[in-house]
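All remarks here apply to the structure that follows.
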2 protein chains.
Amino acid sequence: MPAAERPKRRLGKNGDGAERHDAIYRHISDAIIEHRLKPGARLREDALAEVFGVSRTGIRKILQRLALEQLVTLTPRRGASVTRPTADEAKDVFDARQMVECGLMPEVARRITAADLRGLRDMARREREALRAGEQSAAIKLSAAFHERLARLSGNATLAEFVGRLCSRSSLILAVYGNTGHLGCESHDHDDLIRFLEEGNGERAAAFMSRHLKAIEASLSITEAEEEAPDLHQIFSG
Amino acid sequence: MPAAERPKRRLGKNGDGAERHDAIYRHISDAIIEHRLKPGARLREDALAEVFGVSRTGIRKILQRLALEQLVTLTPRRGASVTRPTADEAKDVFDARQMVECGLMPEVARRITAADLRGLRDMARREREALRAGEQSAAIKLSAAFHERLARLSGNATLAEFVGRLCSRSSLILAVYGNTGHLGCESHDHDDLIRFLEEGNGERAAAFMSRHLKAIEASLSITEAEEEAPDLHQIFSG
DNA sequence: ATCCAGGCCATTGTATACGCTTTCGTTGCC
DNA sequence: GGCAACGAAAGCGTATACAATGGCCTGGAT
C-alpha cells in the first residue's frame, strides 16, 4: 500500500524539491491575497500537508515564511491562521505605502521604457477585464501585482520587495475593513498613472499615487469595535 | 553519558521552547551584525546545533528566518553562509534608508518626548564610549540600534521594522566594503541629530540624516572587481 | 440546572533517522 | 606530468515518530 500506490510522489520529491515548496508557498499566498482564505481562517498543518502531498516539515517551513511576511499569524500552541490586521497596522501599512510608493515615482518616471509601459498597460487592461467579469479574486491579485511591478521599475530591488509585501498586507486589510463590492483600486486610476509616467512627469505621478492611495484608505471602514470577543461577532456577522 | 550528564538540557527544553529559539536567533544575528561572523562564513547546521544544544530542526528554522532577513544566504545543497552583499544591493539599501529614514524624521520630531530624548542620548553616549574603548563590535551594534530606535519613535511599526532590517544589512555592507578602522557613523553625528529633534525641527533633522547617510555611503570603497573567484581574494586580503 | 473538575483528544513542537546530492581525494590513463 | 573519472565521505533535505500542551467534553457535586 505505501510504496505501490504513489510512485509519482517519490519522483516529484526527487526532481524538484525546492521548486515544489515554492509552488506551494505561492498557492497559499495567492489564496490569501485573493481572499479565498479569509482573515482568521485556521491553517492546520496536517490538512495542508495532505492537500499538497508533502510532509508537515515542508508545510511548517512555508508557514513560517508566511508568518515573517505577516500574512499568517503563528500563535505558540494554537497553530497558524490568516492574519487579521488591526486598525493600527492598517494605518501603518498605508502610511508606509504613501511614503515609499510616492517616493519611488520620480525614479520610475526617469527609468521607464516603452516596453515597460506596454507591460503596465497590459496589466491594467487585464485588471479591468477581471473587474468587469466580476472576478474579484483575480482583480485583487492583479492590482497588487501592478503596484509591485511599478515599484520594481525603480531599479531598487529592496524597496520593490518591501512594496510587494505592503501590497499583500493591503489585500488582507481590504478583506477585513473593505466594503464588499468596492474594490480598492479604481480601474481607470492605473491608466491615468501610466500616462503621467509616459510623460516622464514624476512629480505628477507621485501626487496622483498619493491621491490614489488616500482614496483606497478612505474607502475603508476602519472600526476596531470589538476588543475581547471579536471572533464571534466577525464570524456570525460575516 | 547521554542522559546523566545533561539534565539541564531537558529542563530547558520543557520550560522555554520558543524563547530559547529566539535567544539563539539573537545570538547568531548579533554575531553577524557585530562582524564576529564575517560575510562568506559558512554556518553548518550540525555545528550550530551542537553549540547551542538543540537539534538541527530548530537551527534550520532560525537559519531560514535569517535568510528571509537577508543576513544569511541559503544555497540549495550547500547550506548557509553569511550573506556577502553585492555592490548593487549596497546601493539599494542605502537608497532605501535615505528615503525611509529621512522621510520619517518630521514625524519623529513631532512625536518625540523628553524621555525619548534621554534614551537616545544614552544610546549615543554608550556608542561613543564603545568607540573610544576600541570595541568596534559593540559600537556597530549600538549604531544600528540607534537608527532603528529612532525609526520606532515615528510610531509606524512596519517602517521601523524595515529600517531595522536595513540597518542590519548595512552592518554587513560595512563589513565587506568598509575601510577598516573607519566606522560607519561618526560619533558626534548622532548627538547633532538629537539636537535638531529636540528643537522639533524635522526638516533640518531630515536634511542632516540625509548627509549622515551619504557620508557613510561615501566612506565605503565599493569595488566589485572579482566576479568568478571572489572568495579567495577576500579571504586572503582580509 | 449549572458550574467546576478531571481526563481525553487534537494539534503543535522537537528530535532522530534515512536518502540524496555534492564535493573532495585518489588513482589510472593519456 | 596533467587531466579525467570514479569512489568515499560529509552535509543537506525530507519524512516519520514521539512528547508535551492546550482545548473540549463529560461526569459529578452543589
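Naming convention: chains lettered A, B, ... in sequence-line order (proteins, then strands); numbering from 1 in each chain.
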(message) If you compare every side-chain N and O of Arg77(B) against the phosphate oxygens of dC12(D) (OP1, OP2), does one of them come in below 4.0 Å?
(response) no
(request) For Gln64(A) and Arg65(B), test the side chains for any donor-to-acceptor distance below 3.5 angstrom and give the result as yes or no. (result) no
(message) Between P on dA15(C) and CD1 on Ile62(B), what's the gap in Å once rounded to a whole number?
(response) 11 Å
(request) Examine the base of dG13(C) for any acceptor or donor lying under 3.5 Å from a partner atom in the side chain of Arg20(B), and report the outcome as yes or no. (result) no
(request) Take Ala80(B) and Thr57(A), find for each the nucleotide of DNA chain D with the closest heavy atom, and name the residue whose nucleotide sits nearer the 5' end. (result) Ala80(B)
(request) Counting heavy atoms from C-beta on, name the nucleotide in dT14(C), dT22(C), dG11(D) closest to the side chain of Arg78(B). (result) dT22(C)
(request) Kindly write out the residues that satisfy ring-ring contact (aromatic ring centres under 6.0 Å, His included) with Tyr25(B), not counting sequence neighbours, or none if the list is empty. (result) none
(message) Heavy atoms only, 4.0 Å cut-off, all strands: where does Arg56(A) land among base, sugar-phosphate and nothing?
(response) base
(request) Could you tell me the separation between the CZ atom of Arg44(A) and the C1' atom of dG22(D), rounded to a whole number of Å? (result) 16 Å
(request) Using a heavy-atom cut-off of under 4.0 Å over every strand shown, decide if Arg60(A) touches base, sugar-phosphate, or nothing. (result) base
(request) Return the nearest nucleotide to the side chain of Asp46(A); candidates are dT12(C), dT22(C), dA15(D). (result) dT12(C)
(message) Side chains of Val93(A) and Pro85(A), heavy atoms from C-beta outward: is any pair under 4.5 Å?
(response) no
(request) For the pair His27(B) and Phe52(B), name the ring-plane relationship: parallel under 30°, tilted 30 to 60°, perpendicular over 60°. (result) tilted
(request) Check the distance between dT11(C)'s C1' and Glu50(A)'s CD and give it to me in whole angstrom. (result) 15 Å
(request) Figure out the CG/P separation between Leu48(A) and dA10(C), and round it to whole Å. (result) 18 Å
(request) Can you tell me the distance, in whole Å, between the NZ atom of Lys61(A) and the C1' atom of dT14(C)? (result) 17 Å
(message) Rounding to an integer number of Å, can you tell me how far Glu19(B) CD sits from dT21(D) P?
(response) 14 Å
(request) Measure the distance from CZ on Arg42(B) to P on dC12(D) and round it to the nearest whole Å. (result) 7 Å
(request) Using a strict cut-off of less than 4.0 Å between a Lys/Arg side-chain nitrogen and an Asp/Glu carboxylate oxygen, indicate whether Asp22(A) and Arg26(A) qualify as a salt bridge. (result) yes
(request) Could you check how far CD of Glu45(B) sits from C1' of dT14(D), rounded to whole Å? (result) 12 Å
